[in-house]
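Report on one structure; see the data block that follows.
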Amino acid sequence: MIRDARVFQTDFVPNDVVHRDTEINHLSSVLQPIADGDPGTPAFLHGPSGTGKTCIAQYTVEKLREQVISLNTQYVNCWENHSRFKVLYRILEGLDNTFDIHRQSTPTDVLIDRLHEYDGPRYVIILDEADQLTDKELLYELLRTQNLELIFIANEEIKFFAELNDRLASRMQTCARIKFDSYSDEKLIAILRDRIDWGLEPGVISEEQLNEIADQAAGDARVAIGTLRVAARIADGSGASEIKPEHIQSAVSEAKTEIQQKTVEKLTDDQRVLYEIITEHNAICPGDLYEAYTDRVEDARTKRMVRNYLQKMEHYNLIKSRGENRGREYIAVP
DNA sequence: CCTCCACTGGAAGATCGGGAAG
DNA sequence: CTTCCCGATCTTCCAGTGGAGG
């Protein structure tokens, strides 16, 4: 049933993206000066998850590479590299300039200096999940570095700007802002159909089932593609010759828990204990939570550290917090 | 109204872990 | 081997917030 599993990977960038023309054109025009050897304008892409921001950024930069002979590019995910050091490291990595940099012995200042010294070809950097950066000042440093072309990606525009100080916010105002809206069902279906043409045997999924997937995904292409992939796998595993409604039903929930499971695996032991306690309760107040945690764990961290863990887990969308101060409760995300 | 106190999150400093230098 | 140094992690301290209960 599955011909090519690659097209269902979350980081797959299609050769031809056909459902985001406006956004692609906008971004291309922002980057166009680079093709003429001039500095471009930084870009800021924002919109809900699964709306193609990352995909379009990578696709457009790839097209630019075809036009410009000497061009360096790098993709940095700030979720995975949220510290100042890691982001700078990844950026220098894109220039093959890290052979003598080691976390332990190289101060971050040296990384900044080295980046400032860079005078090679123009360097396009995609900073994905830029709102996850702990040290936003780094954005300022990057913006004033010669030869860098920056593409920032974040989910919520307003929230992102609210977290910046005035100086940085006004500097960021100069970015070309490109908004990504949720996909309509028709567009989601068109996207799915592209992937199906490449990835699945012909005729294994009906129009009706496609509609169902698009409906469940609620505008999120990542969820739609994930659901399709899991549904195909389930159908294949059960020996069916085509994807049936029941395959989709189990795929929807499995696709969601699959993502969650991956995140839980990334937690430390202490964090996982906290997560388990929260999932065992409908809602739990901080005091009880900390007590339960100290009971289960040998050598417990302090309350302050636990608050950091909880914040992190909320960021990962594993738990939610409700209420403030005294009324605070923690709830597991279903 | 006021006081108490559980809770939050910022700031500053201590500690950990591990590569480099001696 | 030891010593030095760094970022990351963790603790300590604390000001601020707002609900509970006189």
Side-chain angles (χ1 to χ4, degrees), chain A residues 74 76-117 127 129-142 156 158-169 263-278 281-333:
Chain A
Q74 177 70 317
V76 182
N77 187 316
C78 300
W79 189 299
E80 286 153 21
N81 309 277
H82 51 87
S83 74
R84 189 184 178 80
F85 182 90
K86 286 224 184 95
V87 171
L88 284 166
Y89 189 89
R90 286 276 296 155
I91 290 173
L92 289 171
E93 212 172 35
L95 300 171
D96 292 327
N97 201 345
T98 50
F99 60 93
D100 57 346
I101 291 180
H102 311 279
R103 183 178 66 83
Q104 292 77 12
S105 53
T106 315
T108 309
D109 296 350
V110 174
L111 275 70
I112 288 269
D113 290 346
R114 200 175 291 192
L115 192 59
H116 281 149
E117 283 163 17
L127 276 180
E129 319 246 21
D131 47 345
Q132 298 299 322
L133 270 177
T134 35
D135 179 16
K136 302 282 197 295
E137 273 303 293
L138 178 60
L139 298 178
Y140 195 80
E141 308 257 9
L142 294 177
E156 294 177 52
I158 296 165
K159 208 166 157 191
F160 180 75
F161 276 85
E163 281 172 14
L164 308 177
N165 63 38
D166 293 348
R167 183 181 55 126
L168 191 47
T263 323
V264 173
E265 278 163 23
K266 281 189 210 156
L267 300 177
T268 64
D269 290 351
D270 290 87
Q271 291 165 354
R272 200 170 306 118
V273 167
L274 288 165
Y275 179 67
E276 278 164 14
I277 295 168
I278 295 170
H281 296 71
N282 295 345
I284 186 165
C285 71
D288 295 348
L289 175 59
Y290 190 73
E291 205 179 315
Y293 159 73
T294 46
D295 282 350
R296 282 194 206 183
V297 163
E298 220 173 303
D299 192 23
R301 304 279 138 239
T302 59
K303 283 184 183 168
R304 185 65 189 86
M305 203 55 215
V306 166
R307 286 203 289 275
N308 284 346
Y309 291 155
L310 292 167
Q311 221 166 40
K312 192 169 187 174
M313 282 152 60
E314 197 172 358
H315 241 121
Y316 286 169
N317 206 25
L318 288 171
I319 62 168
K320 280 202 185 322
S321 67
R322 189 167 62 194
E324 283 175 9
N325 301 323
R326 269 227 146 105
R328 177 65 71 94
E329 282 179 323
Y330 293 100
I331 308 140
V333 169

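First the proteins, then the strands, lettered A, B, ... as listed; each starts at 1. Because only heavy atoms are used, hydrogens play no part in the values below, and waters and symmetry mates are left out as well, while side chains stay in.
The pair A:Arg90-A:Glu93 meets the salt-bridge criterion, with a side-chain N (NZ, NE, NH1 or NH2) lying under 4.0 Å from an Asp/Glu carboxylate O. A salt bridge is defined here as a Lys NZ or Arg NE, NH1 or NH2 lying under 4.0 Å from an Asp or Glu carboxylate O, and A:Glu141 with A:Arg84 meets this definition.
Residues passing the side-chain hydrogen bond (donor to acceptor under 3.5 Å, both in side chains) test with A:His82, sequence neighbours excluded: none. A:His281 meets the side-chain hydrogen bond (donor to acceptor under 3.5 Å, both in side chains) test with no other residue; sequence neighbours excluded. Take A:Lys136 and apply the salt bridge (charged side-chain N to carboxylate O under 4.0 Å, His left out) test, not counting sequence neighbours, and it matches A:Glu163. In this view, A:Tyr275 satisfies the ring pair (Phe, Tyr, Trp, His ring centres under 6.0 Å) rule with no residue, not counting sequence neighbours. In terms of the ring pair (Phe, Tyr, Trp, His ring centres under 6.0 Å) criterion, A:Tyr140 has no residue partners (sequence neighbours excluded).
Candidate nucleotides C:dG7, B:dT8, C:dT11 were compared by shortest atom distance to the side chain of A:Phe85, and C:dG7 ranks first. Which of C:dA8, B:dG9, C:dC10 sits closest to the side chain of A:Arg328 comes down to B:dG9. Closest approach to the A:Thr108 side chain among C:dT9, B:dG10, C:dG7 is made by C:dG7 (side chain taken as heavy atoms from C-beta onward).
For residues 316-326 of chain A, every residue pair satisfying the salt bridge (charged side-chain N to carboxylate O under 4.0 Å, His left out) rule, not counting sequence neighbours, is listed here: A:Arg322-A:Glu329. Sorted by first and then second residue, the side-chain hydrogen bond (donor to acceptor under 3.5 Å, both in side chains) pairs involving residues 283-294 of chain A (not counting sequence neighbours) are A:Asp270-A:Tyr293.
Taking side-chain N and O atoms only, A:Tyr309 has a distance below 4.0 Å to OP1 or OP2 of C:dC10. Dashed line: the shortest gap from a side-chain N or O of A:Tyr89 to OP1 or OP2 of C:dC6 is not under 4.0 Å.
Within residues 269-278 of chain A, no residue has any heavy atom closer than 4.0 Å to DNA chain B. DNA chain C is contacted by A:Arg301, A:Thr302 of residues 291-302 of chain A, taking any non-hydrogen atom closer than 4.0 Å.
At a threshold of 4.5 Å between non-hydrogen side-chain atoms, the residues A:Leu274 and A:Leu289 count as touching. Considering only heavy atoms from C-beta on, A:Leu127 comes within 4.5 Å of A:Val76 through its side chain.
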Give every donor-acceptor pair under 3.5 Å between a side-chain atom in residues 299-311 of chain A and any protein atom, sequence neighbours left out.
unit_1   : atom_1 : unit_2   : atom_2 : d
A:Thr302 : OG1    : A:Met305 : N      : 3.3
A:Arg304 : NH1    : A:Asn308 : OD1    : 3.0

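Remark: the A:Arg304 side chain and the B:dG10 base include a donor-acceptor N/O pair separated by less than 3.5 Å.
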Write down the protein N/O and nucleotide N/O pairs, taken from nucleotides 20-22 of chain B, whose separation is under 3.5 Å; answer none if there are no such pairs.
unit_1 : atom_1 : unit_2   : atom_2 : d
B:dA20 : OP1    : A:His102 : NE2    : 3.3

Worksheet item: What string of B, S and - do you get for nucleotides 15-22 of chain C 5' to 3' if you count protein non-hydrogen atoms under 4.0 Å?
Response: -BBBB---
